[in-house]
Amino acid sequence: MNQVLVASPLGTLEISGDLNGISAVTFLEEEFPQSEKIPDVLKTAVIQLQEYFDGNRTDFELKLNPQGTDFQKRVWQELSQIPFGKTTSYLQMAKNLGDPKVIRAAASANGKNPIAIIIPCHRVIGSDQSMTGYAGGIWRKKWLLAHESPVTQQSLF
């Protein structure tokens, strides 16, 4: 397994993966220097994340290999269908999975998403539009949603 540390506007990201694909993108709570050498299998992920943060990428084209249960993988696949700049609710996700009663299980799987940003679990909010939990921290979720918002704030002066 290869790993690399990357600086981002949200702090240091740790990216893990191998020839089978990216297995994790994790926010680190401490700042670490960016890795000097990037393993070949992670270069495309690093470039695409930088393009995303620079505002030049709305979709990721990466081979992903998240590890989880079959149900978790179904939820993560569903998350991947949420378009850039859009949000959905946990209830809508459960309905999309075919059973509104799986809302808690879907929310739990959402929280266990190992590939932050690329599998956009930050795009799931409460049915009442509330900022519900986010493993990376609510402040990061708010930043990501604002970053993806089609409405940009402009100065009046």
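Counting begins at 1 with the first residue of the sequence.
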What are the two closest heavy atoms between Ala106 and Leu97, and how far apart are they? CB-CD1, 4.0 Å

Hey, what do you get for CG (Leu64) to OG (Ser23), rounding to the nearest 0.5 Å? 10.0 Å

Evaluate the ring planes of Phe84 and Tyr52, with Trp represented by its six-membered ring, and classify them as parallel (under 30°), tilted (30 to 60°) or perpendicular (over 60°). perpendicular

Answer yes or no: is there a side-chain heavy-atom contact under 4.5 Å between Arg140 and His122? no

Evaluate the criterion side chain to side chain contact (heavy atoms under 4.5 Å, CB included) for residue pair Phe60 and Ile119; output intermediate values, then yes/no. CA-CA 9 Å; Phe60 292 95; Ile119 297 178; over 6 Å; no

d(Ile103 CD1, Ser127 OG) to nearest 0.5 Å is 5.5 Å

Linked, directly or transitively: Leu19 and Ile38 (ILVMFWY side chains, under 4.5 Å): yes

With rounding to the nearest 0.5 Å, note down the distance linking CG in Leu79 to SG in Cys121. 6.5 Å

Is the backbone of Phe32 close enough, under 3.5 Å, to the side chain of Thr12 for a donor and an acceptor to pair up by distance? yes

Donor-acceptor under 3.5 Å (Ser35 side chain, Lys37 main chain): no

Any side-chain heavy atom of Trp143 sitting closer than 4.5 Å to one from Pro9? yes

Go through the steps to decide whether Tyr134 and Phe27 satisfy the test side chain to side chain contact (heavy atoms under 4.5 Å, CB included), and finish with yes or no. CA-CA 11 Å; Tyr134 183 62; Phe27 295 108; 3.4 Å; yes

When hydrophobic residues are tied together by side-chain contacts of less than 4.5 Å, even through go-betweens, does Trp139 share a cluster with Ile117? yes

Under a single-linkage definition using a 4.5 Å side-chain heavy-atom cutoff for Ile, Leu, Val, Met, Phe, Trp and Tyr, are Met1 and Leu5 assigned to the same hydrophobic cluster? no

Going from CG on Asn96 to CE on Met93, what distance comes out if it is rounded to the nearest 0.5 angstrom? 7.5 Å

Could you tell me if the side chain of Gln48 sits less than 4.5 Å from the side chain of Leu62, heavy atoms only? yes

Is there a side-chain contact between Val124 and Thr87 (heavy atoms, below 4.5 Å)? no

Which heavy atom of Pro114 sits nearest to which heavy atom of Pro66, and what is that distance? CG-CB, 3.7 Å

Quick one: does Pro100's side chain get under 4.5 Å of Leu91's, heavy atoms only? yes

Do Leu28 and Leu13 have side-chain heavy atoms sitting under 4.5 Å apart? no

Give a yes or no answer on whether the side chain of Trp76 reaches the backbone of Ala109 with a donor-acceptor pair at less than 3.5 Å. yes

Aromatic ring pairing Phe53/His147, orientation class (parallel under 30°, perpendicular over 60°, tilted between): tilted

Go through the steps to decide whether Val4 and Glu14 satisfy the test side chain to side chain contact (heavy atoms under 4.5 Å, CB included), and finish with yes or no. CA-CA 6 Å; Val4 66; Glu14 182 178 54; over 6 Å; no

Backbone N or O of Tyr90 within a donor-acceptor pair of the Lys95 side chain at under 3.5 Å? no

Examine the side chains of Asn65 and Gln67 and answer whether a donor and an acceptor come within less than 3.5 Å of each other. yes

Between CD on residue Gln3 and OG on residue Ser16, distance to nearest 0.5 Å: 4.0 Å

Verdict with supporting geometry, Lys43 and Asp40, salt bridge (Lys or Arg N to Asp or Glu O under 4.0 Å): CA-CA 5 Å; Lys43 282 184 180 169; Asp40 287 343; 3.0 Å; yes

Ile22 side chain reached by Leu42 side chain, heavy atoms, under 4.5 Å: yes

Counting distance only, does the side-chain N/O of Gln34 pair as donor-acceptor with the main-chain N or O of Ala7 below 3.5 Å? yes

Over 12 foreign heavy atoms within 6.0 Å of NZ, Lys142: no

Mark yes or no for whether Asn113, through its side chain, and Ile115, through its backbone, hold a donor-acceptor pair below 3.5 Å. yes

Given Glu148 and Arg123, is the side chain to side chain contact (heavy atoms under 4.5 Å, CB included) satisfied, shown in steps? CA-CA 9 Å; Glu148 295 181 3; Arg123 295 180 188 154; 2.7 Å; yes

Is there side-chain contact between Leu145 and Ile125, with at least one heavy-atom pair below 4.5 Å? yes

From Leu49 CG over to Asp54 CG, what is the distance, rounded to the nearest 0.5 angstrom? 11.0 Å

Just by distance, no angles: are the side chains of Thr69 and Lys73 close enough, under 3.5 Å, to form a donor-acceptor pair? no

